[in-house]
J.: 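So that we are looking at the same thing, I have put the structure below in structure tokens.
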Amino acid sequence: MKNEQKKITYLVHAAMIAAVYVVLTYVFAPFSFGEIQVRISEALTILPVFTPAAVPGLFVGCIIGNILGGSILPDIVFGSLATLIGACGTYLLRNKTRYLAPVPPIVANALIVPFVLYYGYGVALPIPFMMATVGLGEVLSCGVLGLIVYQVLAKYRHVIFRPAVNQ
């Protein structure tokens, strides 16, 4: 019974994180897409520090957010994979300093998304320039907002994430 309860808790955490990611992406759609973007929902990529359920939750949330945002298939696939890679990296760094946790999503998105913009959408800006703009947006969302989310949730981690931590 206890194992079933852990599985259900894990699925509920993942689903809630996916839902919040989708809502934030959709609500802040004017800033969430394009060659200069600050995807507010990417602040949630700090959550794998607290629960492994955040990894699939962020991935599914990004897929759904990209679909609802009208993204093309390469963006849905590769943009979501960038978020998945970043979330996995954050999970692997969960026991390191909190300041390293936002680095994997920043790097993954800064390296992958510009190629989607250039080859998928035909954005005629140089890829290195878009790496800088997407990277800056990720620094703002993952680095600044993500660390604010971390500070707030760290105070309540024993209440919010207790059942799914260290699974």
J.: Using every non-hydrogen atom in the two residues, find where C62 and R39 come nearest and quote the distance to one decimal.
T.: SG-NH1, 3.7 Å
J.: Under 3.5 Å, sequence neighbours excluded: what are the donor-acceptor pairs made by side chains of residues 109-127?
T.:
from	atom 1	to	atom 2	distance (Å)
N109	ND2	E42	OE1	3.2
N109	ND2	P105	O	2.9
N109	ND2	E138	OE1	3.4
Y121	OH	I72	N	3.1
Y121	OH	D75	OD2	2.8

J.: So how far is it from C142 SG to I46 CD1, rounded to the nearest 0.5 Å?
T.: 8.0 Å
J.: If hydrophobic clusters are built by linking Ile, Leu, Val, Met, Phe, Trp and Tyr wherever their side-chain heavy atoms come under 4.5 Å apart, do V49 and V149 end up in the same one?
T.: yes
J.: How far apart are the closest heavy atoms of L44 and P48, and which atoms are they?
T.: O-CD, 4.1 Å
J.: Could I get the full list of side chain to side chain contact (heavy atoms under 4.5 Å, CB included) partners for L84, not counting sequence neighbours?
T.: V55, F59, L81, C88
J.: Hydrophobic cluster mates of V22, side-chain heavy atoms under 4.5 angstrom, ILVMFWY only, any path?
T.: Y26, V60, I64, L68
J.: Do V139 and V134 belong together in a cluster built from hydrophobic side chains that touch within less than 4.5 Å?
T.: no
J.: Using the test ring-ring contact (aromatic ring centres under 6.0 Å, His included), find all partners of Y150 that sit at least two apart in sequence or belong to another chain.
T.: F50
J.: Supply the atom-to-atom distance T83 OG1 to I63 CD1, rounded to the nearest 0.5 angstrom.
T.: 9.5 Å
J.: From I8 CD1 over to E4 CD, what is the distance, rounded to the nearest 0.5 angstrom?
T.: 6.0 Å
J.: Keeping the roles fixed (side chain from S71, backbone from I76), state whether a donor-acceptor pair exists under 3.5 Å.
T.: no
J.: What's the spacing between F78 CZ and N66 CG if we round to 0.5 Å?
T.: 13.0 Å
J.: Side-chain contact test, heavy atoms from C-beta onward, threshold under 4.5 Å: evaluate it for L93 versus P104 and give yes or no.
T.: yes
J.: Taking all heavy atoms of G57 and all of I17, pick out the closest pair and write down the distance.
T.: C-CG2, 4.1 Å
J.: Would you say L153 and L47 make side-chain contact, with heavy atoms under 4.5 Å?
T.: yes
J.: How far apart are the closest heavy atoms of A108 and A82, and which atoms are they?
T.: CB-O, 3.4 Å
J.: To the closest 0.5 Å, what do you measure between CG (L100) and CG (L92)?
T.: 12.5 Å
J.: If I take atom CG from residue L58 and atom OG from residue S80, how far apart are they, to the nearest 0.5 angstrom?
T.: 11.0 Å
J.: Flag yes if L147 and L24 sit in one hydrophobic cluster, no otherwise; membership is Ile, Leu, Val, Met, Phe, Trp, Tyr, and two members link when side-chain heavy atoms are under 4.5 Å apart.
T.: yes
J.: I'd like to check Y21 versus M16 (side-chain heavy atoms, cut-off strictly below 4.5 Å). Are they in contact?
T.: no
J.: With the side chain counted from C-beta on, respond yes when M130 and T133 share a heavy-atom pair under 4.5 Å apart, and no when they do not.
T.: yes
J.: Kindly write out the residues that satisfy side chain to side chain contact (heavy atoms under 4.5 Å, CB included) with V27, not counting sequence neighbours, or none if the list is empty.
T.: V23
J.: For I40, which residues count as a side chain to side chain contact (heavy atoms under 4.5 Å, CB included) partner, sequence neighbours excluded?
T.: F28, V38, L145
